[in-house]
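Notes follow the structure.
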Amino acid sequence: MAVELNEIEEAEVELEQWLVEQAENGVPEMVLIGLLRDYADDIEHLGYVPRMWGESER
């Protein structure tokens, strides 16, 4: 499935906005970095983004 450039850009903007909101709400940057790394590792290991996250994927 091909992904349009505008879809990538939109997802990037939404992720950036979410990260800023979390940081503004007091979530430490190191926690956000750890979350991103953990999810990236999970996705790399699985080879896809699960549509639902649960204990079985972790």
Measuring from Leu5:CG to Glu7:CD, what's the distance to the nearest 0.5 Å?
-> 9.5 Å

Glu12 CD to Glu10 CD distance, which is reported to the nearest 0.5 Å = 11.5 Å

Shortest non-hydrogen pair, Leu32 vs Leu19, comes out as CD1-O, 3.9 Å

Take atom CD in Glu16; do more than 12 heavy atoms of anything else shown fall under 6.0 Å from it?
-> yes

Please go through Met30's hydrophobic cluster and name the other residues, only I, L, V, M, F, W, Y counting, with side-chain heavy atoms under 4.5 Å joining them.
-> Ile33

Which other residues end up in the same hydrophobic cluster as Val20, if Ile, Leu, Val, Met, Phe, Trp and Tyr are linked when side-chain heavy atoms come under 4.5 Å apart?
-> none

